[in-house]
There are 2 protein chains.
Amino acid sequence: MQDEKQARKPTLSEVAALAGVSEITVSRALRGSPSVAGKTLHRVEQAAASLGYVRNRLAGALAGGPSNQVGVILPSLSNIVFPDVLKGLEIRLDQAGFHPVLGISNYDPQQEEQLIHNLLAWRPAGLVIAPSGMTDVSRSLLAGAGLPVVEIMDIDTDPVDMAVGMSHRGAGGDMARHLMAQGYRRFAYLGHDIERDRRACARLTGFREALSEAGLILDACVSLAEPSSVTLGRRGLKQLLAQSDQRPDVVYMSNDDMAVGGVFHCMAQGIRLPQDLALAGFNGLELGQTLPVPLTTTATHRTRIGEIAADCILERLAGREPARSTDVGFTLIAGGTA
Amino acid sequence: MQDEKQARKPTLSEVAALAGVSEITVSRALRGSPSVAGKTLHRVEQAAASLGYVRNRLAGALAGGPSNQVGVILPSLSNIVFPDVLKGLEIRLDQAGFHPVLGISNYDPQQEEQLIHNLLAWRPAGLVIAPSGMTDVSRSLLAGAGLPVVEIMDIDTDPVDMAVGMSHRGAGGDMARHLMAQGYRRFAYLGHDIERDRRACARLTGFREALSEAGLILDACVSLAEPSSVTLGRRGLKQLLAQSDQRPDVVYMSNDDMAVGGVFHCMAQGIRLPQDLALAGFNGLELGQTLPVPLTTTATHRTRIGEIAADCILERLAGREPARSTDVGFTLIAGGTA
DNA sequence: TCATTGAATGACAGCGCTGTCAATTGGTGG
DNA sequence: CCACCAATTGACAGCGCTGTCATTCAATGA
């Protein structure tokens, strides 16, 4: 094994020369083809190791070999939710020897379109995307790419190819029904940058629909044009309570980060949960469940989404036909805050 | 723009034929070369758009063009720390038109070695790695790769090429000194899977060294063989307090997740912070600072590390010579828990 | 008017590998 | 002993693009 800095890396043919076989035999040996004799294999491995040979996948993929890269487009990494999804993806992809190539869209359809184009240029084996309002160009790029595409997180819309996720609208509705069943009647909503986060928006829609089916309405609905955070939830709840002349029974927060911030505000102000005010979140983060009073929320199966999305890609590559749409569902957690 | 599924994507020469110019002119036009006439450029762009042409970077990179992929190896995505770093990396890389190709080592030197090999096979423009006990083979692979390599998080060890991070040992020492200055004398440590997390280990070492310089010792040191989490911190503190006959003055927790769990345990048990017990964490997560009593901790500049690491790669690619080692430092936050 | 220059374009080869098809080998049974 | 088969190996072409060097052509100044 050489340890010198050397720009030109050894090639197949150098390994072949050293091992005394042809290039193609080296290629096959190093890729684990069964049709290489044990002795030859050994000799090739020796030669490769002694030259410090590192296979050039660019050439391989260009020559028609398979790519093991999978494009992954997520809207953000600031909240643990998408890293959780990415973790699930990575686990499964890694097991199959694949690598995610990452792009962050910042919830911007234009950036998303650009990313799709750029990632497609690397001819990945597949693409996983948590859409942020895909443009027509985006859809057309994906449809014409001729590779497996999985749209993740939400299954409320029709996917270009495959979808893995849950119904955010349904989750919002279920939470509204749960809260109504608890006897709450005065509802408020506190959200983050909802213009950009379509899924939070879908939850709110579902929430509103369920209320309205029961003849109730949302008394207050505040959306702050900032990314969600614990701080924002804390600040936002303070603001919401200050500006409403009659305190709501319960506040549905756009996610658990926001809701935990709300819980902290209540703790600091001596507002008792849930007697004085009830709070509900979304995501089922570990954090919320470890609070002295566990958060009422909707648990989502984020890592699972990543795993299944990866499986869909891998299945398709193996020639099988995975489900067009997979619902991983969600679980309402009736905690102590509502 | 065609929207049919089509396995064979249009090539440069098809665009060239349609635009009535040579391939190389199309190549130049699409890459924004200044030596293409405005009129030609326009014609090429039209042709490319009408065919739905997507550049093949595999071929480009193989032919000697630049790659815009950067390998990124992180030990985990379960904690917000590494996504934060990744975010910083992504921001800067994206601005320059680069993409991270991700690998997760699970704190395992063997997996790490495998990942380095696999990522190098894609001939990335650079590599960023948060090392997990690199093997000799790993070092030799990196040294021989002939590309910019940035080792991130820690600067206590000698890097193969470049390093960006902070001294974890120093951070542990500073916290010990801070706590001693507050008058605490009975110290305990509660850690997570410390066998695997070398940086947490380095902090503990620094902490111990500082104590011992002052003639003090660590009365109790508990490490639980699980990944860090809020739950583990809560459970762990309970356990630690139960098994020590005399309650320590202060517990240094391996990170903020653990520490927040500890805070929750105290809240639930009516243990007053910091009168009955003091707690300190590490990382300066937003969460800890939003608690009713802000956590005493060491703020780290994670996103900054990612940004600088990306800059190092980009600088080197631009032919400049960035600093071999960059210390982003840390900031002790004297919160309310210690 | 003519050599000179710079802008714009093109021809060519080859990056390193793998799919396809062909060739070689040793062993088998009739 | 020979046709035949499976196991093993190889020759060849070409994936789609870009670096390098060469060419064209109109504009410029002496």
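Any value given below was found using the heavy atoms of this structure, including those in side chains, with hydrogens, waters and symmetry copies removed. Predicted model only: the values in this text are computed from it and were never measured. By convention in this document, chain letters (A, B, ...) are assigned in the order of the sequence lines, proteins followed by strands, and residues within each chain are numbered from 1.
- For the residue pair Thr135(A)/Glu113(A), the side-chain donor-acceptor check at 3.5 Å is satisfied.
- If one axis is set at each end of the helix from dT1(C)-dA30(D) to dG30(C)-dC1(D) from five pairs, those axes are 40° apart, to 10°.
- Using a 4.0 Å cut-off between a side-chain N of Lys or Arg and a carboxylate O of Asp or Glu, Arg316(B) and Asp161(B) qualify as a salt bridge.
- Using a cut-off of 4.0 Å between Lys/Arg side-chain N and Asp/Glu carboxylate O, Arg324(A) and Asp158(A) are scored as salt-bridged.
- Contacts between chain B and DNA chain C, taken as any atom within less than 4.0 angstrom of a protein heavy atom, begin and end at dA8(C) to dG16(C).
- One finds a salt bridge joining Arg304(A) and Glu307(A) here, because a Lys/Arg side-chain nitrogen approaches an Asp/Glu carboxylate oxygen to under 4.0 Å.
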Review point. Along nucleotides 5-10 of chain D, 5' to 3', which nucleotides get a B, which get an S, and which get a -, given that the test is a protein heavy-atom distance under 4.0 Å?
Key: ---SBB

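- Under the 4.5 Å side-chain criterion, counting only non-hydrogen atoms from C-beta, Leu77(A) is not in contact with Ile80(B).
- By the 4.0 Å N-to-carboxylate-O rule, Asp154(B) lies too far from Arg199(B) to be salt-bridged with it.
- No side-chain heavy atom of Ser76(A) sits under 4.5 Å from any side-chain heavy atom of Asn106(A).
- Minimum interatomic distance between Pro148(A) and Met162(A) (heavy atoms only, all atoms of both residues): CB-CE, 3.9 Å.
- Using a 4.5 Å heavy-atom cutoff, the side chains of Ile73(B) and Ser105(B) are in contact.
- Under the 3.5 Å distance criterion, with hydrogens and angles disregarded, no donor-acceptor pair is assigned to the side chains of Trp122(A) and Asn56(B).
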